[in-house]
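The structure under discussion appears below in the form of structure tokens.
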Protein chains: 2
Amino acid sequence: MKISKTEENYLKAIFSILEKGKPSASTNSISQKMETSAASVTDMVKRLAKKKLAIHESHKGVKLTKEGNKIATMLTRKHRLWEVFLVDKLDFLWDEVHEMAEELEHIQSKEMIDRLDNFLGNPKFDPHGDPIPDADGKFATRQQTPLNEFKVGEKGTVVGVRESSTPFLQYLDQLGLGLGSKIEILEKYEYDNSAKILLNKSKEIVITGKVCLNLFLQK
Amino acid sequence: MKISKTEENYLKAIFSILEKGKPSASTNSISQKMETSAASVTDMVKRLAKKKLAIHESHKGVKLTKEGNKIATMLTRKHRLWEVFLVDKLDFLWDEVHEMAEELEHIQSKEMIDRLDNFLGNPKFDPHGDPIPDADGKFATRQQTPLNEFKVGEKGTVVGVRESSTPFLQYLDQLGLGLGSKIEILEKYEYDNSAKILLNKSKEIVITGKVCLNLFLQK
DNA sequence: AATAATTTTTAGACTAATCTAAAAATATAT
DNA sequence: ATATATTTTTAGATTAGTCTAAAAATTATT
Ligand SMILES: [Mn+2]
Ligand SMILES: [Mn+2]
Ligand SMILES: [Mn+2]
Ligand SMILES: [Mn+2]
């Protein structure tokens, strides 16, 4: 059974919605992520269900079957490994790689991706700190806490971002923040959830509540 | 103006037919290369003409415009650079890479391909000895002669193959022949154009006229 | 030059993927 | 509980890319 690039992108979209803890993905949430109409989503979801990749109950949202989940996981693996390649080998910045990976993930060769994994030194996390599933689909786990849950005086290292949109990543670059940055909380302002932090033991900066929410740190 | 993957593959097919010296590509020759019906070719050729990528005169075949030629050249560049990547970095064999490159060539990023070129050390020839156009579309040239034009006693080094189908390449592997192999002609048999050669100054083997025709050597 | 063979084009149909507009189902507010 | 708003599905249309069968044009053969 062959799966089109479009079907693959839908599977990945559903996967990423379910990943965030939702019990099922709604038609509207998928249409937003895919930037297509709700009608198109209904069509496609039916096709995925017919192929036994998804389970669809009318008006009750979509889940993935074991097979659908497997495919989405392998797409995530490919996407993230290519991102590592682009950053580590071709020296792209972390905010430049998503669109290219979005295309590269559809190249069909398990052998190639396993060799790429090896060539890259079997990385466990992508340039945004997201875990890379191994050849069996197993995700690495890591202890991480969003910055907004830190208390004054606590310290940590940035290991991931909740959202990896280009504007957010570029904003972090501007602030001098990236994976590996050392942070100590100096002050927290209840009023708007912003905070003053000490960056890499050298620079004091103020960041908004939104930034705090989107940064994951290891204590 | 955006060009679909299918349109790109047609451009490349037309390009490769014209490359062999033909003044124009016939509908049938394209349909053979693309493994589609002649009717589909006519349809597509009209679309390419409408986009000013090809010139089509009814019943007289197709040529490429400057723009069409440029695009086909860049696709060839991408295809061949990815083949080098797969062989040099991921350790694939020369007969394993074509299908993957056939997909990779459609990834849309000039910046990425220029960086890949650089990462690979700006190779001038692909794993089959075919020239890789540079960022401006210029092909490297090289003095090369098909083995069948060699005379008894002459020596040379294999630098390319005329045809790079998997069966042919695997057959060469079996014979112990590849790019860089040193060859001296020991005997030529007029009867069926086969020849006895000394391979790498150590092994005597007999090869058919067909093989002689498909190997390019540098004297 | 007429006929036969081959190549190319046209006509009409099909599928995947998309859309808009309207209908139906579900959720929310009064 | 009814009315209103939102979400989801259905219906019908469109475009790219493909096909087969038949018509038209070109090339080869007698
Ligand atoms: Mn994608
Ligand atoms: Mn990522
Ligand atoms: Mn291709
Ligand atoms: Mn090649």
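As the structure is a prediction and not an experimental result, all values here were calculated from the model. Proteins come first, then strands; the chains are lettered A, B, ... in the order of their sequence lines, and each starts at number 1.
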* Asked: Mind checking what makes side-chain hydrogen bond (donor to acceptor under 3.5 Å, both in side chains) contact with A:T65, not counting sequence neighbours?
  -> none
* Structure fact -> Atom NZ of B:K60 and atom P of C:dT8 are separated, to the nearest Å, by 13 Å
* Separation of A:N9 atom CG from C:dA16 atom P, in whole Å? -> 17 Å
* Asked: Rounded to whole angstroms, how far apart are NZ on A:K22 and P on D:dT7?
  -> 13 Å
* Tell me whether the OP1 or OP2 atom of D:dT8 has a side-chain N or O from A:H56 closer than 4.0 Å. => no
* Asked: Atom CD of B:E57 and atom P of C:dT9: how far apart are they, to the nearest Å?
  -> 11 Å
* Asked: Any idea how B:F85 and A:F119 line up, ring-wise: parallel (<30°), tilted (30 to 60°), or perpendicular (>60°)?
  -> perpendicular
* Does the side chain of B:N28 get closer than 4.0 angstrom to OP1 or OP2 of C:dT6 through an N or O atom? -> no
* Do NZ/NE/NH1/NH2 and the carboxylate oxygens of A:R115 and A:E111 come within less than 4.0 Å? -> yes
* Asked: So does A:D117 pair up with A:R80, basic N to acidic O under 4.0 Å?
  -> no
* **Reported CG-to-OG distance for the pair B:L11 and B:S16, which is rounded to 0.5 angstrom** => 11.0 Å
* Do any side-chain nitrogens or oxygens of A:S26 fall under 4.0 Å of OP1 or OP2 in D:dT7? -> no
* To do: State whether A:S58 places a side-chain N or O below 4.0 Å from either non-bridging phosphate oxygen (OP1 or OP2) of D:dT9.
  => yes
* Structure fact -> Per-nt protein contacts along nucleotides 12-19 of chain D (heavy atom under 4.0 Å; B base, S backbone sugar-phosphate only, - none) come out as ----SSBB
* Find the distance A:H59:NE2 to C:dT26:C1' and express it as a whole number of Å. => 7 Å
* Asked: Is the closest basic N to carboxylate O distance between A:K210 and A:E163 below 4.0 Å?
  -> no
* **Spacing of A:I30 atom CD1 relative to D:dT7 atom P, expressed in whole Å** => 14 Å
